Structure formats: structure tokens, C-alpha cells
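Keep in mind it's a predicted model, so treat the numbers as computed, not measured. These values consider heavy atoms only, across backbone and side chains, with no hydrogens, waters or symmetry-generated copies.
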Amino acid sequence: MAGITMRRRIPALLAATGLAVLVTTGAAQASAPADHAVSGGAPCTWIAQGATAPAPAADPSGPDGKEHCKVDVGAKIVASSPQTIPTNTTTKITFTQAEFDTDAMFNPVNSTLVVHTPGRYYLQGKLFWGFLPNASAVRELEILVNGVLVSEAEKGADNPNDSTQDTSTIVDLKAGDVIELDAFQNTGSAASSVLFTNGAGGKVFPQLMAERFAP
């Protein structure tokens with residue numbers, strides 16, 4: 001939006017390089033040898049990309065275009081009630097349950113996701129705002145890792161009908177890294193994180209997700 005300057009800048013450009021796309025061609029899955037595991041000890045399933053693909057290589061951490069180690073690691077956490085977001089105060093979004101969590105990442109005490117399996121992760125945060133319009137104010141949604149900003153989205157606060165906001169990034173994470181979602185607004189009045197569900201009862205806003213897609 002014209003005239004709006006980010007309150008905080010991402011400290012470093014997070015570049016995702018050397019990514020490989022996993023494409024299966026109908027070949028049968030085969031179990032990896034017992035000594036094949038990605039960093040962190042997570043089990044591997046080898047996915048052949050062609051009928052003539054060779055047996056798994058000795059090092060499963062580096063895609064060779066023929067065999068890949070696919071690991072299902074990730075979590076999505078949601079809230080069960082609205083949350084007040086005071087004006088001019090950075091507020092951590094509170095989460096109460098996990099819609100899925102394949103690696104015991106959710107820490108309900110701190111409303112964070114904790115990495116146990118190192119790798120390259122896709123992170124996404126979503127928020128549905130309730131706020132009083134203010135043409136000179138902003139709303140910000142931020143993903144932090146270990147307290148450091150890694151992704152930020154900013155919107156004006158002039159249009160109450162423009163109430164959804166999301167931010168996402170791809171970043172390399174190590175075991176022990178802690179992921180959180182923060183919100184900020186300066187409308188001059190308290191805003192709220194609104195609970196929003198779909199027709200099936202699934203919680204859509206707010207949410208925080210982390211999904212590992214590469215070693």
C-alpha cells in the first residue's frame with residue numbers, strides 16, 4: 001500500500017536455492033536400507049521417479065534426480081477463541097490445539113512450534129482481524145524464529161472489510177528452533193484476532209503452519 005513503511009525489516013534475505021521437485025511416475029515404493037535416515041534420525045521412504053531408477057544412493061540427503069527421501073514432518077495449530085490485540089503492542093497469537101502434528105512440534109504452553117527434525121520448511125501464518133478503521137494506521141502479521149523476524153505482512157487499517165491477512169516464507173531450520181506468530185496494530189483502539197471456521201467446522205483463522213519439504 002502506498003505510503004506505508006514496514007515497521008521492522010527482515011534482517012536477512014532468506015534465499016531458497018537448489019530445490020528439487022519430487023515427481024513420482026507410478027513406480028513402487030521401496031524401503032530404504034536401515035542405515036538410511038535424514039539428519040535428525042527421521043525414517044525415510046524412498047520414492048522412485050522412474051521404472052529404471054537405481055537403488056537408493058548411499059547418501060539420502062542429496063536429491064540426485066532419481067531417488068528422493070520423503071519425510072512427513074509438519075504441524076498446523078489453531079485457536080479456539082478470539083484474542084485481544086492491544087494498540088501499539090506486539091502480541092503473540094495464542095494457539096490451543098493442533099489440527100495435525102506429525103513430529104510433536106506444538107508447545108501449547110508457549111503457543112509455539114518447536115523444530116525436532118532439521119530441514120527446509122514452509123512457514124505460514126494467518127489472521128482474521130476485528131478492528132476499528134483508522135486511515136493512518138497499519139496492521140502487521142509476523143512470523144518469528146527464535147525471536148528473529150523471518151516473514152512479515154503489512155496492511156493499512158482503513159478498510160474494515162479487508163480483514164484477513166497472511167504471511168509466509170521458506171527457511172532452513174535446525175532442531176530446537178522455535179516458531180511463533182505475532183500481530184501488531186496501531187489504530188488507537190484494541191483490535192482482536194477473530195475465530196473463523198469453515199462450513200465443516202474446521203478452524204481457518206487464526207493458524208500457524210510449518211511443513212518440512214526438504215532435508
Evaluate Asp172 against Arg120 for salt bridge (charged side-chain N to carboxylate O under 4.0 Å, His left out), listing each step before the verdict.
CA-CA 4 Å; Asp172 290 326; Arg120 184 161 294 166; 2.7 Å; yes
Contact check, side chains of Glu142 and Thr90, non-hydrogen atoms, under 4.5 Å
yes
So, the side chain of Gln124 versus the backbone of Thr167: is there a donor-acceptor pair under 3.5 Å, distance only?
no
OG1 of Thr164 to CZ of Arg139, rounded to nearest 0.5 Å, is 8.0 Å
Would the distance check show the side chain of Lys92 and the main-chain N or O of Asn110 forming a donor-acceptor pair, the cut-off being under 3.5 Å?
yes
Could you go step by step and tell me if Ile77 and Leu181 meet the side chain to side chain contact (heavy atoms under 4.5 Å, CB included) rule?
CA-CA 11 Å; Ile77 52 178; Leu181 184 67; over 6 Å; no
Could you state the interatomic distance from CZ (Phe131) to CD1 (Ile85), rounded to the nearest 0.5 Å?
11.0 Å
Donor-acceptor pair, Asn146 side chain versus Val178 backbone, under 3.5 Å?
yes
From NZ (Lys174) to NE2 (His116), nearest 0.5 Å
14.0 Å
Checking the side chain of Thr187 only, and the main-chain atoms of Gln185 only, is there a donor and an acceptor separated by less than 3.5 Å?
no
Atom pair CG/CZ of Asn107 and Phe95 - distance to nearest 0.5 Å:
13.0 Å
Reported NZ-to-CG distance for the pair Lys126 and Leu208, which is rounded to 0.5 angstrom
11.5 Å
Is there a path of hydrophobic side-chain contacts, each under 4.5 Å between heavy atoms of I/L/V/M/F/W/Y residues, joining Phe100 to Tyr122?
yes
When every non-hydrogen atom of Ser151 is compared with those of Ser168, the smallest separation belongs to OG-O, 3.0 Å
Find out if a path of hydrophobic residues (ILVMFWY) with successive side-chain heavy-atom gaps under 4.5 Å connects Val171 to Leu141.
yes
Backbone of Gly74 reached by a side-chain donor or acceptor of Asp103 within 3.5 Å
no
Restricting to non-hydrogen atoms, name the atom on Leu113 and the atom on Met209 that form the minimum distance, rounded to 0.1 Å.
CD1-C, 4.2 Å
At their closest point, which heavy atom of Gln207 faces which heavy atom of Val78, and how far apart are they?
CB-CG1, 4.0 Å
Once rounded to the nearest 0.5 Å, what's the spacing between atom CG of Leu144 and atom CD of Glu152?
9.5 Å
